[in-house]
Amino acid sequence: MTLAERGIKNPDAFLVGNEGEIVRVIESAGKYSISQLESFHKHCESEQLAYELW
């Protein structure tokens with residue numbers, strides 16, 4: 001995953017493993033609309049990223 005990718009909301013935090021790989025994405029999504037949640041989910045799914053929404 002590229003950080004600061006144009007047109008993609010960058011997550012609030014990344015948990016990174018010992019090898020520098022992204023282990024989990026964390027996003028504060030308290031006021032997200034359903035379409036924003038779907039878009040975020042689809043992006044993480046396409047990048048095979050586990051995520052948590054807070």
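Quick caveat: nothing in here was measured; it's all calculated off a predicted structure. If you read the sequence from its start, that first residue is 1, and numbering goes on from there.
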Asker: Given side chains that start at C-beta, do those of L15 and I22 come closer than 4.5 Å, heavy atoms only?
Answerer: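 Side-chain contact under 4.5 Å: no.
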Asker: More than 12 heavy atoms of other residues, nucleotides or ligands under 6.0 Å from CD of E21: yes or no?
Answerer: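 Enclosed.
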Asker: Are L37 and V25 connected into the same hydrophobic cluster when the rule is that any two of I, L, V, M, F, W, Y join if their side-chain heavy atoms are below 4.5 Å apart?
Answerer: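 Cluster IDs for V25 and L37 match.
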Asker: To the nearest 0.5 angstrom, please state how far the CD atom of E52 sits from the SG atom of C44.
Answerer: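 Rounded to the nearest 0.5 Å, the CD-SG separation comes to 11.5 Å.
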Asker: Is the closest side-chain heavy-atom distance between W54 and E27 below 4.5 Å?
Answerer: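 No; the side chains remain at least 4.5 Å from each other.
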Asker: Are the side chains of L53 and Y32 in contact, using a 4.5 Å heavy-atom criterion?
Answerer: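 They are not in side-chain contact.
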Asker: Kindly compute the distance separating OH (Y51) from NE2 (H43), expressed to the nearest 0.5 Å.
Answerer: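 If I round to the nearest 0.5 Å, the distance is 11.5 Å.
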Asker: If you take all heavy atoms of D12 and S28, which pair is closest and at what distance?
Answerer: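 For D12 versus S28, the nearest heavy atoms are OD2-N, 2.6 Å.
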Asker: Check whether any side-chain heavy atom of V23 lies under 4.5 Å from a side-chain heavy atom of V16, and answer yes or no.
Answerer: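 Side chain of V23 against side chain of V16, heavy atoms only: no contact under 4.5 Å found.
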Asker: Between the main-chain N or O of S33 and the side-chain N or O of Q36, is there a donor-acceptor pair closer than 3.5 Å?
Answerer: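 It does hold such a pair.
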